[in-house]
Amino acid sequence: VYDVRNLFDPFHIAGDKTGLDQDIINIVMEKGGYKIIDQILNDLNLNSSVAEIWIGCKGGRHRSVAICKLLESKLSQMYDIVIVNHHINF
């Protein structure tokens with residue numbers, strides 16, 4: 001479980017955009033998101049065939065979604081199958 005509430009929250013500048021939008025992803029990554037991605041990748045047990053990764057923040061629309069989106073991209077380059085569930089409350 002990774003808590004990303006400590007990252008900058010783009011809520012006030014995002015308007016109706018979410019962590020699925022590239023400009024929000026860029027903001028989250030510029031404000032420390034890459035450190036979280038690196039930590040998750042370093043924590044993965046490469047000897048296991050299954051990994052369950054939980055990422056959460058306060059609202060669930062920006063930071064955690066952006067981290068999931070980028071993590072999905074990185075993991076799909078490393079492994080054959082990646083399943084991601086983004087939970088965005090409107």
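Just the heavy atoms: all of them, side chains too, but no hydrogens, waters or symmetry mates, feed the values below. Owing to the predicted nature of the structure, the values given are computational and were not obtained by experimental measurement.
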What's the spacing between K74 NZ and Q77 CD if we round to 0.5 Å? 6.5 Å

Stepwise side-chain contact (heavy atoms from CB on, under 4.5 Å) test for M29 and I67: CA-CA 8 Å; M29 294 305 120; I67 296 291; 3.5 Å; yes

Tell me whether M78 is reachable from I37 by hopping between hydrophobic residues (I, L, V, M, F, W, Y) whose side-chain heavy atoms are closer than 4.5 Å. yes

Closest approach of S73 and S76, non-hydrogen atoms and distance? O-OG, 2.9 Å

Only pairs at least two apart or in different chains count here, so list each salt bridge (charged side-chain N to carboxylate O under 4.0 Å, His left out) that has a residue in residues 19-31. K17-D23

Partners of Q22 by side-chain contact (heavy atoms from CB on, under 4.5 Å), sequence neighbours excluded? I25, N26

Give every donor-acceptor pair under 3.5 Å between a side-chain atom in residues 1-15 and any protein atom, sequence neighbours left out.
from	atom 1	to	atom 2	distance (Å)
Y2	OH	D43	OD2	2.8
D3	OD1	R5	N	2.9
D3	OD1	R5	NE	3.0
D3	OD2	R5	NE	2.9
D3	OD2	R5	NH2	2.5
D9	OD1	F11	N	3.1
D9	OD2	R63	NH2	3.4

Would you check, one step at a time, whether the test side-chain contact (heavy atoms from CB on, under 4.5 Å) holds for I53 with L75? CA-CA 12 Å; I53 303 168; L75 289 174; 4.2 Å; yes

I55 side chain near I36 side chain, heavy-atom distance below 4.5 Å: no

Between T18 and I24, is any pair of side-chain heavy atoms under 4.5 Å apart? no

